[in-house]
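Notes to accompany the following structure.
Both ligands and their constituent atoms are indexed starting at 1 by order of listing. As the structure is a prediction and not an experimental result, all values here were calculated from the model.
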Amino acid sequence: MTLRNFAFIGPRGAGKSRLSRKFAKRLDRLLLSTDTLISYEAGGLPIRDIVAAEGWAGFREREYRLLEKVAGMPAVVIDCGGGILVDVDADGSEYFSERKAALLREKCTTIYLKRSVQWLLSRELDSSHRPTLAADYEAVLRRRLPWYEKAADYVLDLSGRDVNEGIEELLFHFRDKS
Ligand SMILES: Nc1ncnc2c1ncn2[C@@H]1O[C@H](COP(=O)(O)OP(=O)(O)O)[C@@H](O)[C@H]1O
Ligand SMILES: O=C(O)C1=C[C@@H](OP(=O)(O)O)[C@@H](O)[C@H](O)C1
Ligand SMILES: [Mg+2]
């Protein structure tokens, strides 16, 4: 039995944080949230404030540096922020983050929590901790969804199913592989 770690990826609001907490508990593993650790390292500043101060480029850089530290830890569950596969260029345009994808590929079993575009749009979350991504959130989703597919070792489609069913599927699929 190897002690490979798990990383959850997927768009904002897919349920990564909630599911990964339950999953880590079932496996009795340590759960690490990239968002929470980035905030903590920034002296407790909410992500919204980090982005306001440093721009998305600053936040993506923090995300990369944090992922470098946690991706190789053995036997942990990593709850990634929705933009873990994103970097931004000088004019603020998003592109696929090969450097963060490479860390996930090399060091983690990456699970994509898949939801339909309609489901995600109907639940787009408005919270003081989640800075607005763009006026056209659907365009953001359509650009990013293929990136999650590309980076995933396993796709967990939660359409019409609850979190517990999803966890049972993962425990079954990875029963001899984790
Ligand atoms: N399956 C679900 N059923 C009901 N509420 C959910 C479910 N998954 C997530 N939520 C709620 O939706 C919100 C976003 O979930 P969260 O786990 O934070 O998503 P993510 O980390 O992918 O952005 C939270 O308020 C959470 O309580
Ligand atoms: O999609 C994104 O770019 C982001 C998603 C957020 O995490 P959740 O997916 O947990 O909401 C958080 O990392 C930050 O606000 C940026
Ligand atoms: Mg989250």
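- Taken to the nearest 0.5 Å, the OG1 atom of Thr34 stands 8.5 Å off from the NZ atom of Lys100.
- Residue-ligand proximity: Gly10 is placed with every non-hydrogen atom at 4.0 Å or more from ligand 1.
- Each of the following atoms of ligand 1 lies closer than 4.0 Å to a heavy atom of Gly15: 8 (N), 9 (C), 15 (O), 16 (P), 17 (O), 19 (O), 20 (P), 22 (O).
- The Mg ion (ligand 3) has an N, O or S atom of Ser17 inside 2.8 Å of it.
- For ligand 2, the atoms lying closer than 4.0 Å to a non-hydrogen atom of Gly83 are 1 (O), 2 (C), 3 (O), 4 (C).
- Using a 3.5 Å distance cut-off with no hydrogens or angles, the side chains of Asp157 and Ser159 do pair a donor with an acceptor.
- Atom CD of residue Glu68 and atom CZ of residue Arg99 lie 8.5 Å apart, to the nearest 0.5 angstrom.
- One option in Arg18, Arg12, Arg21 has a heavy atom closer to atom 1 (N) of ligand 1 than any other, and that option is Arg18.
- The shortest N/O to N/O separation between Leu19 and ligand 1 does not fall below 3.5 Å.
- When the side chains of ILVMFWY residues are joined at heavy-atom separations under 4.5 Å, either directly or via intervening members, Tyr40 and Val76 end up in two distinct hydrophobic clusters.
- By the 6.0 Å and 45° rule, Arg115 stacks over the aromatic ring of Trp119.
- Set against the non-hydrogen atoms of Lys16, the atoms of ligand 2 under 4.0 Å away are 8 (P), 9 (O), 10 (O).
- Counting non-hydrogen atoms of other residues, nucleotides and ligands closer than 6.0 Å to CG of Asp28 gives a total of 12 or fewer.
- The shortest heavy-atom contact between Pro11 and Tyr112 is CD-CE1, 4.0 Å.
- Less than 4.0 angstrom separates some heavy atom of Ala14 from each of these atoms of ligand 1: 22 (O).
- When only interatomic distances are considered, the shortest N/O to N/O separation between Val163 and ligand 1 does not fall below 3.5 Å.
- Taking every heavy atom of Trp56 and a limit of under 4.0 angstrom, the matching atoms of ligand 2 come to 16 (C).
- At least one heavy atom of Arg144 sits less than 4.0 Å from an atom of ligand 2.
- Shown in contact with Pro11 at under 4.0 Å from a heavy atom are these atoms of ligand 1, numbered in order with element: 22 (O).
- Distances from ligand 2 to the non-hydrogen atoms of Asp35 include at least one value under 4.0 Å.
- Polar contact check, Lys16 against ligand 1: a nitrogen or oxygen pair lies under 3.5 Å apart.
- Judged by the 6.0 Å distance and 45° axis criteria, Lys150 is positioned over the aromatic ring of Phe96.
- Ser17 and Asp79 form a side-chain donor-acceptor contact under 3.5 Å, judged by distance and modelled atom types alone.
- Both tests do not hold together for Arg26 against Phe23: distance to the six-membered ring centre under 6.0 Å, angle to the ring axis within 45°.
- Ligand 2 lies less than 4.0 angstrom from a heavy atom belonging to Arg60.
- Inclusion of Gly82 in the set of residues having an N or O under 3.5 Å from an N or O of ligand 2 is warranted.
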